[in-house]
Amino acid sequence: MTDLIEMRNITKSFPGVVALEDVSFSCRAGEVHAVVGENGAGKSTLMKVLAGVYQPDSGQILIDGQPVHMASPHAAQGLGISIIYQELNLLADMNLAQNVFLGREPHSRLGLTDDKELEVRARDILRRLGIDLDPRTRLGRLSVAQQQMVEIAKALSLNARVVIMDEPSAALGGRDLDYLFDVIRALKEQGVGVIYISHRIAEVFTVADRVTVFKDAKVVGTHSVSQIDRGTLVRLMIGKTFSETFPPRGAEAGPEVLRVEKLSVNTELRDVNLVVRGGEIVGIAGLVGAGRTKLAHAIFGTCKLDHGLIHINGMPSRISSPRHALRHRMGFLTEDRNAEGLVLGQTVLHNAALPSLGNRQRWGVVNRKVERDVINQTTSGLRLRAPSLAAEVENLSGGNRQKVVLAKWLISQPELLIFDEPTRGIDVGAKGDIWQLMRDLANEGKAILMISSELPEIIGMSDRIYVMHSGTIVGERRGAEANEEDVMMLATYGQDHGH
């Protein structure tokens with residue numbers, strides 16, 4: 001097979017971050033080339049370069065051996081490159097055929113849309129893909145899997161020669177997944193190259209011909225799927241060395257602070273059971289879409305439970321809102337601290353004061369001196385680097401913003417703290433600060449539940465680890481005995497291997 005596209009020595013940086021470093025990659029006609037790697041490894045950035053969304057700082061893209069310039073997504077589309085994102089780009093009120101040919105509808109001699117011709121063309125593309133759907137069906141009535149098929153049909157209608165699929169299976173399972181694989185095989189048979197980005201290792205071995213592994217903005221290897229095993233692929237993804245130093249683990253855990261029993265939410269969480277004790281850090285590992293963040297929101301009362309029980313300090317507790325959670329002395333440092341954890345246009349003082357205002361007011365008047373003293377004491381204990389409490393949080397670094405969020409919750413004197421991706425977007429020096437603060441809080445007897453996509457962080461920081469897969473907990477490990485390969489295997493396959 002010849003290379004349809006080839007990317008040579010692609011480098012791309014954003015302010016303070018090298019996203020791609022001297023990366024080379026190719027895709028052949030009629031092959032499925034899987035792309036794997038941990039979050040932030042560079043997979044999606046490379047595909048956005050290929051799709052004309054980003055311009056590379058250096059390197060070259062060739063199609064059929066000829067150098068090309070992807071000046072824009074439109075230019076890439078004209079050269080036969082289509083990308084299908086996780087967030088589907090479709091209009092729910094239009095029918096399937098209208099979505100496939102949006103902006104390119106056939107017209108009659110009177111200049112009106114020729115609905116009959118539109119339907120004929122849509123049927124032809126659906127037939128080529130083996131998709132059994134009526135082109136007249138309104139899109140909003142289709143399942144997520146079927147809507148994905150419409151995106152693939154749209155790519156084919158644009159004469160795509162390479163179709164990039166970014167986490168296409170994240171919202172799919174069972175028969176829907178088989179349906180997707182059938183359509184991918186139909187694309188292969190027509191000589192289309194498919195680039196398949198996925199966190200799910202099992203799928204690589206089901207659908208791909210070759211696999212390229214990304215780690216830390218570089219390619220660590222490209223292999224024929226028939227010549228690599230799952231264990232080797234996982235090792236290539238995670239590497240073998242710890243590049244960070246974590247604080248020593250704590251002593252014995254104290255009494256139980258949180259117990260969750262058979263907690264379920266829609267199809268996103270199924271019968272989740274876990275325990276967090278005072279003085280311990282409990283890690284939640286899992287791939288994107290496994291249900292980790294939904295679990296945190298369910299515990300904190302920001303989403304409605306279908307069933308299940310939450311016990312706080314041994315007592316059954318009904319937590320139906322963050323206000324209830326606060327009363328039960330919980331704090332929640334969300335994954336997106338800028339959108340959900342901070343008011344960016346406000347000062348350090350105002351942000352840190354928010355959840356605990358009620359503790360310092362009488363007859364609706366806040367005692368500002370008490371407030372300033374409490375916040376000063378808390379932020380200095382966190383080694384916050386800010387010019388003053390009057391500094392606006394949007395002018396602080398990622399690490400210092402996270403410390404403001406932490407100060408906000410500590411002032412409300414929580415017994416349980418939930419950290420969702422505590423060091424995402426934070427530089428290495430500040431990561432060490434956050435890790436030490438978390439361990440200090442545990443050593444003071446606080447219970448900490450930590451969600452992280454970074455395996456070294458999960459293993460280096462956790463006293464115990466729960467692993468999630470498809471909305472449920474599939475395994476538990478002691479942090480001191482866990483290894484990355486074992487946790488990744490559990491997270492990927494949802495089965496206990498050898499324990």
Side-chain angles (χ1 to χ4, degrees), residues 247 249-265 269-285 291-334 341 352 354-360 374 378 381-382 405-420 422 437-452 458 461-468 472-473 476-479:
R249 286 189 172 81
E252 278 300 299
E256 187 180 290
V257 173
L258 171 73
R259 176 179 288 274
V260 169
E261 291 180 346
K262 293 194 172 299
L263 194 145
S264 296
V265 176
L269 295 176
R270 294 177 293 113
D271 291 333
V272 174
N273 300 296
L274 63 80
V275 171
V276 188
R277 298 180 180 86
E280 72 172 349
I281 297 175
V282 173
I284 305 281
R292 299 166 304 165
T293 294
K294 180 59 76 174
L295 174 60
H297 282 279
I299 293 168
F300 199 67
T302 53
C303 68
K304 190 172 180 295
L305 308 185
D306 288 341
H307 64 81
L309 285 173
I310 295 174
H311 295 260
I312 305 289
N313 295 321
M315 301 290 290
S317 305
R318 186 177 163 273
I319 299 168
S320 57
S321 72
R323 184 169 291 177
H324 288 156
L326 269 168
R327 281 193 208 128
H328 285 287
R329 299 182 68 183
M330 283 190 205
F332 182 15
L333 289 84
T334 56
L354 277 171
S356 54
L357 272 174
N359 303 346
R360 294 183 300 282
V374 166
T378 307
L382 295 174
V405 180
L406 185 51
K408 173 177 96 168
W409 291 115
L410 290 182
I411 291 163
S412 65
Q413 299 180 315
E415 290 182 2
L416 170 72
L417 278 162
I418 304 170
F419 286 81
D420 192 355
L437 289 168
M438 290 171 72
R439 183 49 72 186
D440 290 346
L441 290 167
N443 289 342
E444 288 167 19
K446 298 196 186 302
I448 293 180
L449 187 64
M450 177 186 74
I451 297 163
S452 176
I458 279 281
M461 284 298 297
S462 305
D463 297 300
R464 285 186 301 115
I465 300 163
Y466 290 106
V467 186
M468 291 190 74
T472 196
I473 286 172
E476 182 184 346
R477 299 285 185 265
R478 285 178 51 81

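Excluded from the calculations below are hydrogen atoms, water molecules and symmetry mates; all remaining heavy atoms, backbone and side chain alike, are included. Positions are given from 1 along the sequence.
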Asks: Let me confirm one number: the CD1-CG distance from Ile299 to Leu416, rounded to the nearest 0.5 Å.
Replies: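 Atom-to-atom, Ile299:CD1 and Leu416:CG are 7.5 Å apart.
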Asks: Answer yes or no: is there a donor N or O on one side and an acceptor on the other, between the side chain of Trp409 and the main chain of Pro414, under 3.5 Å?
Replies: no
Asks: Quick one: does Ile284's side chain get under 4.5 Å of Met468's, heavy atoms only?
Replies: yes
Asks: A side-chain contact here means heavy atoms from C-beta on lying under 4.5 Å apart; do Leu449 and Phe419 qualify?
Replies: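 Answer no - side chains too far apart.
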Asks: Closest approach of Ala296 and Ile451, non-hydrogen atoms and distance?
Replies: CB-CD1, 3.7 Å
Asks: Under a 4.0 Å N-O cut-off, is there an ion pair linking Arg439 with Asp463?
Replies: yes
Asks: How close do Leu326 and Ser412 get, counting heavy atoms only, and between which atoms?
Replies: CD2-OG, 4.0 Å
Asks: Answer whether the closest heavy-atom distance between the side chains of Phe300 and Ile310 falls below 4.5 Å.
Replies: no
Asks: Between the side chain of Arg249 and the main-chain N/O of Ser462, is any donor-acceptor distance below 3.5 Å?
Replies: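 Yes.
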Asks: Is there side-chain contact between Leu441 and Leu406, with at least one heavy-atom pair below 4.5 Å?
Replies: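 Yes, at least one pair of side-chain atoms sits under 4.5 Å.
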Asks: Work out which heavy atom in Ala447 is nearest to a heavy atom in Val276; give both atom names and the distance.
Replies: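 Closest heavy-atom pair between Ala447 and Val276: CB-CG1, 3.8 Å.
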Asks: Rounded to the nearest 0.5 Å, how far does NE2 of His328 lie from CE of Met315?
Replies: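 Taking CE in Met315 and NE2 in His328, the distance rounds to 9.5 Å.
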Asks: How long is the span from the NE2 atom in His324 to the CD1 atom in Ile312, to the nearest 0.5 Å?
Replies: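 Nearest 0.5 Å value for the NE2-CD1 distance: 12.5 Å.
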Asks: Between Ile465 and Gly479, what is the shortest heavy-atom contact and its length?
Replies: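 Ile465 and Gly479 have their closest heavy atoms at CD1-CA, 4.1 Å.
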Asks: Could you walk me through whether Leu263 and Asp306 pass the side-chain contact (heavy atoms from CB on, under 4.5 Å) test, one step at a time?
Replies: CA-CA 8 Å; Leu263 194 145; Asp306 288 341; over 6 Å; no
Asks: Write down the atom of Ala442, the atom of Ile448, and the distance for their closest heavy-atom approach.
Replies: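 Where Ala442 meets Ile448 most closely, the heavy atoms are N-CD1, 4.1 Å.
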Asks: NZ of Lys304 to OG of Ser320: how many Å apart, nearest 0.5 Å?
Replies: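 Nearest 0.5 Å value for the NZ-OG distance: 10.0 Å.
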Asks: Quick one: does Arg292's side chain have a donor or acceptor within less than 3.5 Å of a partner on Ala285's backbone?
Replies: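 Such a contact is absent between Arg292 side chain and Ala285 backbone.
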Asks: Quick one: closest heavy-atom pair of Leu305 and Gly308, and the distance?
Replies: CD1-O, 4.3 Å
Asks: Say whether, by atom type as modelled, one donor and one acceptor occur between the side chain of Thr472 and the main chain of Val272 under 3.5 angstrom.
Replies: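 Side chain of Thr472 to backbone of Val272: no pair is present.
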Asks: Do Glu252 and Glu280 come within less than 4.5 Å of each other through their side chains, counting heavy atoms only?
Replies: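 Glu252 does not reach Glu280 side chain to side chain.
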Asks: Any non-hydrogen side-chain atom of Val257 less than 4.5 Å from a side-chain atom of Asn313?
Replies: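 Yes; the side chains approach each other to less than 4.5 Å.
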Asks: Mind running side-chain contact (heavy atoms from CB on, under 4.5 Å) on Lys294 and Val265 for me, showing each step along the way?
Replies: CA-CA 8 Å; Lys294 180 59 76 174; Val265 176; 4.2 Å; yes
Asks: Is any side-chain heavy atom of His311 closer than 4.5 Å to a side-chain heavy atom of Pro316?
Replies: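 The answer is yes; the side chains approach within 4.5 Å.
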Asks: Atom CG of Leu258 and atom CD1 of Ile418: how far apart are they, to the nearest 0.5 Å?
Replies: 7.5 Å
Asks: Run the numbers on Ile319 and Met330 for side-chain contact (heavy atoms from CB on, under 4.5 Å), then give the verdict.
Replies: CA-CA 11 Å; Ile319 299 168; Met330 283 190 205; 3.2 Å; yes
Asks: One pair to check against salt bridge (charged side-chain N to carboxylate O under 4.0 Å, His left out): Asp440 and Lys446. What are the steps and the verdict?
Replies: CA-CA 9 Å; Asp440 290 346; Lys446 298 196 186 302; over 6 Å; no
Asks: With rounding to the nearest 0.5 angstrom, report the CG to OH distance, Asn273 to Tyr466.
Replies: 8.5 Å
Asks: Do Pro422 and Met438 have side chains that approach each other closer than 4.5 Å (heavy atoms only, starting at C-beta)?
Replies: yes
Asks: Passes side-chain hydrogen bond (donor to acceptor under 3.5 Å, both in side chains), Asp420 versus Thr293? Steps please.
Replies: CA-CA 7 Å; Asp420 192 355; Thr293 294; 2.8 Å; yes
